[in-house]
Every structure is written in structure tokens, then in C-alpha cells.
Amino acid sequence: MATKKLFIRTFGCQMNVHDSEQLEELLKEPGYARTESAKDADLIIVNTCSIRDKAEQKVYSQLGRYRHLKKTNPHLQIGVCGCVAQQQGERLLEKAPFLDLVIGTHNLDRLPECIARARQTGRPVVETGFRKAVPSIGIPTLPAKHTVSAFITIMQGCDNYCAFCVVPYLRGREESRKFEDILAEARALAARGVKEVTLLGQNVNSYGISPGGGRSFAELLRAIGGIGGIERVRFTTSHPKDLSDDIVACFRDVKTLCESIHLPVQSGSDAVLARMNRRYTSADYLDRVRKLREASPEIAISSDIIVGFPGEAEQDYQKTLDLMEKVRFDTLFSFQYSERPGTAAVGLDGKVSPEEKRRRLIELQALQDRHTQEKHDRLVGRTVEVLVDGKSRNTPRDVTGRTRSNKIVNFAGGGELIGKTVRVRIVEAFLHSLRGEMLG
Ligand code: 5AD
Ligand code: SF4
């Protein structure tokens with residue numbers, strides 16, 4: 001049987017990127033192989049994100065572009081997976097009647113069966129029920145040969161209900177994957193030659209506290225840290241309220257755990273943090289940062305910040321800038337607050353105007369750019385370890401990789417370096433990357 005072609009377009013976070021990898025793995029059995037061109041595809045899957053309104057709108061405009069491909073290829077099937085599918089369900093068919101599949105976040109494992117059902121009946125299939133013991137947590141993926149870095153899902157869902165966030169409604173309750181299954185996947189990846197793993201979950205720090213895991217996240221980090229061949233371990237995302245001393249200690253004790261953490265703060269104002277239902281204060285956050293730096297002095301800290309949450313007054317916003325000055329993040333993802341249907345923040349007053357949100361965001365990003373550049377400048381002249389992950393896109397004579405602190409470094413070198421860890425002296429610092437020279 002000729003191979004059928006699968007085109008996947010992914011929106012959103014690393015969780016979604018990995019969900020797409022898992023879908024690709026699942027669809028190998030019924031004979032699909034991935035293509036980079038939507039025009040050639042027998043099946044187009046749009047894996048969607050609805051964290052902010054903009055993300056959701058992008059999904060709709062993209063779907064509009066695929067619609068006309070059905071005219072030239074009447075066998076083409078088009079499916080929507082992920083958060084927008086979960087949120088909209090049947091309603092998506094009103095907006096996009098040409099869809100064949102709408103598959104929510106708990107039903108990815110059913111995709112092969114749904115594709116066949118849609119084909120047989122000639123009618124769209126919608127699957128958006130929530131399930132316990134979600135079988136699609138962590139479908140082991142076998143990455144292509146020479147893959148340097150891979151993701152491993154360790155938990156899914158979120159029980160935190162931050163007032164701005166749709167994730168708990170769309171990804172369901174927290175559920176941890178079995179300890180042994182995670183270790184088995186990490187060992188299989190190491191055997192395949194993977195050098196770096198990133199453990200994924202909406203709130204990895206509560207791994208094991210949520211049903212399913214049985215052992216703590218710190219225990220998991222120590223176990224993964226002991227697997228031969230895995231040179232680097234990372235994880236994302238962490239909730240500051242759950243970053244225990246035990247986890248912090250791993251940054252000192254687990255040698256393969258990289259000096260880098262993503263620790264979303266969201267705001268520097270205690271009043272705003274309380275309204276966001278984050279359950280920590282700015283002092284708690286600074287205390288976690290202090291402990292992290294005690295355990296691992298070189299640790300790079302990145303964060304997420306929202307500006308213009310309802311009720312954020314100028315003085316609250318100034319407190320966020322103060323916190324940024326105190327912490328000096330390595331990198332920051334910052335967003336204008338975007339109201340999401342069904343979340344607690346919908347009912348809050350004190351809406352901030354779009355112009356004001358924009359002003360705050362631009363100013364805050366300028367401050368962060370100064371901090372990022374200063375951090376990068378300080379690395380000039382220093383020697384760092386770089387795990388090479390590929391050829392540079394722009395300059396074919398260069399390779400690109402990352403430091404343990406997750407900074408991008410480009411330097412002259414050939415493809416044989418891919419997958420190797422080399423020592424590189426930093427010679428130039430830019431805002432988004434560093435330039436280096438490999439040492440012999
Ligand atoms: N508006 C703006 N940003 C949001 N985020 C989550 N929900 C919203 C929202 N409604 C941001 C948070 C989170 C990141 C993944 O996206 O900062 O940490
Ligand atoms: Fe959303 Fe908060 Fe859960 Fe993160 S911790 S996914 S921001 S509800």
C-alpha cells in the first residue's frame with residue numbers, strides 16, 4: 001500500500017509540539033508519513049492553541065487556507081486537534097463545515113479510529129470527552145536518527161485555576177504518568193542516541209502529587225539524572241508555589257540537570273497575584289530565586305509576565321518592573337492580558353484599555369531586552385559547553401547549539417559536530433544569540 005501523506009501544523013507551546021510528534025507516531029501504523037507540504041497531503045491536522053485570543057484567531061485563518069485544497073483533492077481529510085477542538089467541539093463545524101475531525105485533548109489516541117470512521121460514514125467525527133487515566137499521556141515517540149533533543153511527557157492537565165487561564169478547562173485534571181514508563185522512555189531515547197531530554201507538563205512540580213505518579217518530581221529528576229547517555233535534563237513548566245526545596249536541591253546534586261529554569265511569575269504586585277489566584281507573593285517568588293541561585297549560582301531564570309490583568313493599576317505594573325530589576329531574568333515571555341471565555345477573570349472589574357496594555361508591554365519588553373543583552377555581554381570572553389543540535393539556518397558553514405543555561409550559540413563547524421558537546425569561547429553577544437569559537 002502506498003504511504004499516505006500527513007501534514008501537521010502546530011500552534012502553541014512545547015506540549016503541543018510534542019503532542020504533534022505523538023500524533024505522527026500514532027499514525028505510522030495506519031500508513032501515514034509526514035510531509036512538509038499541505039498541498040500533497042491526504043490528511044491535514046491542525047494542532048491548536050487557545051491560550052490567548054490571538055492564538056485562536058490564527059487557527060481560524062489557517063483553516064481557511066486549507067479549505068480550498070479539498071477542491072483539487074476530494075479525498076483530503078482535515079482535522080483539528082488540541083485546545084480549540086476541546087473548547088469549541090461541534091461548534092467548530094459551524095465555523096468550518098469542511099472539517100472531517102475534531103479531536104479534543106484527551107482523545108488523541110483515538111485519532112486513527114476516528115479517521116477511519118469519518119472516511120466510512122462520510123460525516124465529521126467529533127471526540128471531546130474527558131477521560132480518567134488518559135491513554136494519550138506520553139505515547140512514546142521514536143525520534144528520527146541523529147535527533148539530539150527530545151521531549152518526554154510526565155504529567156498532563158492542571159488543577160491550579162489561575163484566574164486568567166483556560167488550560168484547566170481544556171486539558172482537564174492533573175494526572176501523572178507512571179514513574180517506570182517515564183524512565184523506560186528516557187532509556188529508549190538514550191539508546192537511540194538522544195543526548196538531551198526535556199520533561200514536560202503544565203506544572204511538573206506537582207508530578208506525583210497528582211494521581212498516577214506515586215513518587216515525587218525530585219525523585220524523578222534524580223532517577224532520570226542517572227541514565228547513562230542522557231547528558232542534559234531540562235523541565236518545563238514550573239509553578240513557583242510548588243517549587244520545593246527538594247526540587248531546588250536537584251540543581252546542586254543532579255549533575256545532568258541543566259542550569260536553567262522557566263519559572264513564570266506573571267506579576268510583581270501581590271494584589272494582582274492574589275486576584276490571579278497564584279497563591280504566592282512577590283517575596284515568596286524572590287525567596288525561591290534566592291534559593292535557586294544558592295544551589296546553582298549560574299542558573300538562568302526565564303519567566304512569563306502578563307500586563308493589564310483586570311485591576312492592574314500603574315503602581316501594580318511598576319511593582320512588576322521592580323521585580324524584574326531584582327531578579328534580572330535571562331529571558332522573558334510577556335503578554336497583554338487576553339480575556340478567555342469561562343475563566344474567573346471574566347467577572348473582574350478594572351479592565352485595562354488596549355492602548356495602556358500595549359504601552360506597558362512595550363516598555364516592559366524594552367527593560368527585559370536591556371537585561372538580556374547585559375547577561376549576554378557578560379558571557380563574552382568566557383568558555384561554555386555547547387551541545388550542538390544542528391547546522392545554522394543562515395550560514396551553512398556554521399553550526400548552532402545551546403549552553404547548559406539554554407542560550408543559543410553559533411560558531412564555525414561541520415555537521416559531524418551534531419550531537420557532540422564542545423567547548424566554545426564566546427566572542428560576541430547579540431540579543432537573541434551568542435557567537436563563539438570552538439576550542440580544540
Ligand atoms: N492572557 C494573557 N496571557 C496568558 N497566559 C495564559 N493565559 C493568558 C491570558 N488569558 C500566559 C501566562 C502563561 C503563559 C503560558 O501564557 O503568562 O504562563
Ligand atoms: Fe494555566 Fe496557571 Fe495551570 Fe499554568 S498553572 S496552566 S497558568 S492554570
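First listed ligand is number 1; within each ligand, the first listed atom is number 1.
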N16 side chain to F11 main-chain N or O, any donor-acceptor pair under 3.5 Å?
-> yes

Is a donor on one side and an acceptor on the other found under 3.5 Å between the side chain of R340 and the backbone of S50?
-> yes

Applying a strict 4.0 Å limit to heavy atoms, is E339 in contact with ligand 1?
-> no

[atom]: which protein heavy atom is closest, and how many Å away?
atom	result
atom 2 (C) of ligand 1	Q336 O, 3.4 Å
atom 6 (C) of ligand 1	I51 CG1, 3.4 Å
atom 15 (C) of ligand 1	D304 OD2, 3.7 Å
atom 16 (O) of ligand 1	R52 NH1, 2.9 Å

Locate the shortest heavy-atom distance separating S303 from V265; write the atom from each residue and the value.
-> OG-N, 2.9 Å

E374/R370 salt bridge by N-O under 4.0 Å criterion | no

Inspect the contact between D109 and R131 and indicate whether a charged nitrogen and a carboxylate oxygen are less than 4.0 angstrom apart.
-> yes

Verify the neighbour count for atom [atom1] of [X]: are there more than 12 heavy atoms of other residues, nucleotides or ligands below 6.0 Å?
X	atom1	value
K5	NZ	no
E355	CD	yes
E36	CD	no
K391	NZ	yes

Side-chain contact, heavy-atom cut-off 4.5 Å: D398 with F411?
-> no

For the 3.5 Å polar cut-off, considering only N or O atoms, please tell me whether [X] and ligand 1 meet it.
X	value
F164	yes
R340	no
S338	yes

With a cut-off of 2.8 Å, how many protein N, O or S atoms neighbour atom 2 (Fe) of ligand 2?
-> 1

Which one holds for F335 and ligand 1: side chain close, backbone close, both close, or neither close, with close meaning a heavy atom under 4.0 Å?
-> side chain

Atom pair CZ/NZ of R290 and K326 - distance to nearest 0.5 Å = 14.0 Å

Q266 neighbourhood, listing ligand 1 atoms whose heavy-atom distance to it stays under 4.0 Å | 12 (C), 13 (C), 17 (O), 18 (O)

